[in-house]
Amino acid sequence: MSPSRTHITDVLVLGAGLAGERTAIEAAARGLEVVILSLVPPRRSHSTVAQGGLQAALGNSVMSHGDSPDIHFADTVRGADWGCDQHVVRLFVNTAPAAVRQMARWGVPWSRITAGERRLPDLSVVEEPEAGAGLINARKFGGTTKWRTCYAADGTGHALQYALDGMVLSMGITVHDRTEAIALIHDGKKCLGAVARCLRTGDFRAYLAKATVIATGGCGRLYSLSTNSVINEGTGLSLALDTGLTCLGNMEAVQFHPKTLPPTWIPVSEGGGGYLLDRNLDYFMPYYQPKNNEQPYRDVTARRMQERIRAGLGVESPHGPHLWLDVRHLGADHIERHLRSLAAFCRDFAGIDPARELIPVRPVQHYIMGGVRTNIDGAAYGLKGLFAVGEAACWDLHGFNRLGGNSLAETIVAGTVVGKKVAEFALGEALHYSSALVAEHLAAQEDRVRRLIAGNNGGENVYALKKQMGRILTEHVGIFRNGSGLKTAVAALGELHQRARRVGLVSSGRGAVPELGAALRLPGMVRLALCIACGALARTESRGSHFREDHPNRDDVNWLCRTLAYWPPGAEMPELKYEPVQITELNPGKRATPA
Ligand SMILES: Cc1cc2nc3c(=O)[nH]c(=O)nc-3n(C[C@H](O)[C@H](O)[C@H](O)COP(=O)(O)OP(=O)(O)OC[C@H]3O[C@@H](n4cnc5c(N)ncnc54)[C@H](O)[C@@H]3O)c2cc1C
C-alpha cells in the first residue's frame, strides 16, 4: 500500500449509473465541483442493460391516449400495494414527462410514432393517426392501465447511459472508475465523504465533500439467482448501514422477475404477447387471472409461476425446474422485428429459436425496492450531508412492488430532484473536517486489509460463504416466505455473519486481486441479507412482493408502515423500527389488476 491520497470536492457521488450521473449533472450545472466514483467505467453500469423502457405519461400513441400523471399515479400506488410514499409518487409522475423530453434533447434516440397501422403484441392491429407521427412512442410494459413505456428500440438503458455519460464528459465532471467506496467518513452527525480503494492498485484514497450521494444501485447479487450484474452487491447500502446512524427502508421488499432465461437469468420480455405453459403444456395463467392473463403485477405472475412449479408442474432441468414461454404464434417476422433482443438472447445463450421452440423461463430475484431511506429530497435519515438516489435508495416510490419501467424513470427523475437538493445543500455548506478524523477512518480500513493479507482473521473461504448466503436467501427469503423458513434463514445468516469475520485469503491479496475486494465486502453483504430476512420475519402480513404463507392477507391496520433497519455498532442483528406510510390521495383498496 502506498501513502493514501486525499481528494477534496464539493459533491461526491458514489456510483456512475443513470441515477448517479443524472444527479452529478444537476449539481455540476450549479457550478459545483463533482467527483463520481464507480466500480466500472460508467457505460458498463448496470443501467445500461435495461431494455424494457421507461414510464412517463406522455399520451402520444393511440394506446396511450387519455393517459395522464393521475393514471400513472394510481397504477404506481396500486402496483406498490400502498406501501409507497404518495408525496414521492405524485412528484415523480408529474416530473417524468419533462424528464423524458429533456433526455431527447440530450441525444436519446427515443423510438417515434409512425402514422398508419401498428401491430400489437397480441397481433391485433391499431391505427396510429397522422397527428401523432414523429412523437415519442410508448409500448406495453409493466402491466399499466395505459401504454406509457417510452423506449429506444431494445437499448433504452444503453441509450440513456451513453447520453448522460456524454453530458458528464462535456461538463468536465471528474470520474474515477475502478474505484470502490468502502466506508463513509463521518463525525457522528455529518457525512464528510468516503474512504475508497483503487481496484487497479489497491491504494487507499480519502474523498472529502460537502455532500455525498449514494447511487450504487441494487443488491441482487446477495441472492444466488438474480438478473443483476455481478457488480450489484449492494456495497453502497452497507456503507450507510455500517455508520449505525442512518437506516435502510423496507429491505424485505424484493422483486422477482417472472420470466428469466436459465441459467443466465436474463429477463425475456415479450410485451405480454406470449403464453406461459407448464410441463403439460397447459396454459395456466387464465385459471388465476382471467381478465388480463399475462400482464398482472410482477409479484402476482411470479407467485403463480412458483405455485405451478411447487405443484410439480415445472420442467426439470440441470438449473432447477422451469416453465415455458411460448411466442411461436407471433411468427418469425414479428419476433425478428419486434422481439429482436428476446430472439438474440434465446439464440445466443440457450441455443433456441423462439419462432419454433418453447423458451424455458423461471422467476428469480430482479430488483430491490428497499435501500437507504431518504426523505423526498433524497436526504438520508440521521446523517447530515448524506443523500441517496436510484435503486440504492428507498425514496420510496415503489413500496412493495415496483412497476416495470418505473425504475429507469426513477433514476432520471430522482436524479434531477435530488441533484437540485444536493446542490442547494452544498452551496450553503462549508467543508470543515479534522485531519485526525480522516486519518482515523483511513487507518481503520487499512487495518482491515492488513489483517486479511496477514491471514490474522481465520481460514474461512469468502466465495464459499457468499454462495451459502445466496442459497439461504433464495431458498427461504424468496417468492413464498413463512415464519419457520425465515427463522431458519435468520439463524443461518447470523452464523454466517460470524464466519464472514474469519475469512482468510487464498491469494496474496496484493494488487488488483478480486478476492480481497470480495472479502472486504462480504460482512456488509451478510448484514444486508440479515436486514432482508429479519424484516421479512417481523412483517407478519403479505404485501406486494412480500408474501407470507402464514399471513396471506395484507394488514392495513398493523402493517401500513415502512420497516427501518439500523445496525448499531457491534450488534449481531439489525434493530428494526417502523414509520407510517403517507397516504395523501389514494386510500388503500383492492389491488385490481389493470385492464
Ligand atoms: C436485466 C435488467 C433489466 C432491467 N430493465 C429495466 C427496464 O426495462 N425498465 C426499468 O425501469 N428498469 C429496469 N431494470 C431496473 C433498472 O435497470 C435499475 O433499477 C436501474 O438501472 C438502477 O440504476 P442506478 O443508477 O440506481 O444503479 P446502477 O446502474 O446499478 O449503477 C450503480 C453504479 O454504482 C457503482 N458502484 C456500486 N458500488 C460502488 C461502490 N462501493 N463504490 C463506487 N461505485 C460503486 C457501479 O459501478 C455503478 O456505476 C432492469 C434491471 C435488470 C437487472
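Order of appearance sets the numbers: ligands from 1, and atoms from 1 within every ligand. Numbers here are sequence positions counted from 1. Reckoned from all heavy atoms, side chains included, excluding hydrogens, waters and symmetry mates.
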In this structure, which one of K146, Q55, R148 forms a side chain to side chain donor-acceptor pair (under 3.5 Å) with D75?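 It is R148, the one option of K146, Q55, R148 that forms the side chain to side chain donor-acceptor pair (under 3.5 Å) with D75.
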In chain order, what residues pass the salt bridge (Lys or Arg N to Asp or Glu O under 4.0 Å) check against R562, with sequence neighbours excluded?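 So R562 forms a salt bridge (Lys or Arg N to Asp or Glu O under 4.0 Å) with D396, E579.
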Would you find more than 12 non-hydrogen atoms of other residues, nucleotides or ligands less than 6.0 Å from R44 atom CZ?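 No, because the 6.0 Å sphere around CZ of R44 holds 12 heavy atoms or fewer from other groups.
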Would you say R340 has more than 12 foreign heavy atoms packed within less than 6.0 Å of its CZ? no
Considering only heavy atoms, which protein residues lie less than 4.0 Å from any atom of ligand 1?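 Under the 4.0 Å cut-off, ligand 1 touches G15, A16, G17, L18, A19, L37, S38, L39, V40, S45, H46, S47, V49, A50, Q51, G52, G53, F141, T179, E180, A181, A215, T216, G217, T227, N228, N232, T235, P267, H366, Y367, G390, E391, R402, G405, N406, S407, L408, T411.
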I'd like to check the ring-ring contact (aromatic ring centres under 6.0 Å, His included) partners of F73; sequence neighbours left out, ordered by chain and number.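 ring-ring contact (aromatic ring centres under 6.0 Å, His included) check on F73 returns nothing, list empty.
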Only pairs under 3.5 Å count here: list side-chain donor-acceptor contacts from residues 518-529, not counting sequence neighbours, and write none if there are none.
| from | atom 1 | to | atom 2 | distance (Å) |
| --- | --- | --- | --- | --- |
| R521 | NE | E180 | OE1 | 3.4 |
| R521 | NE | E180 | OE2 | 2.8 |
| R521 | NH1 | E233 | OE1 | 3.0 |
| R521 | NH2 | E180 | OE1 | 2.8 |
| R527 | NE | D242 | OD1 | 2.9 |
| R527 | NH1 | H497 | NE2 | 2.9 |
| R527 | NH2 | D242 | OD2 | 3.0 |

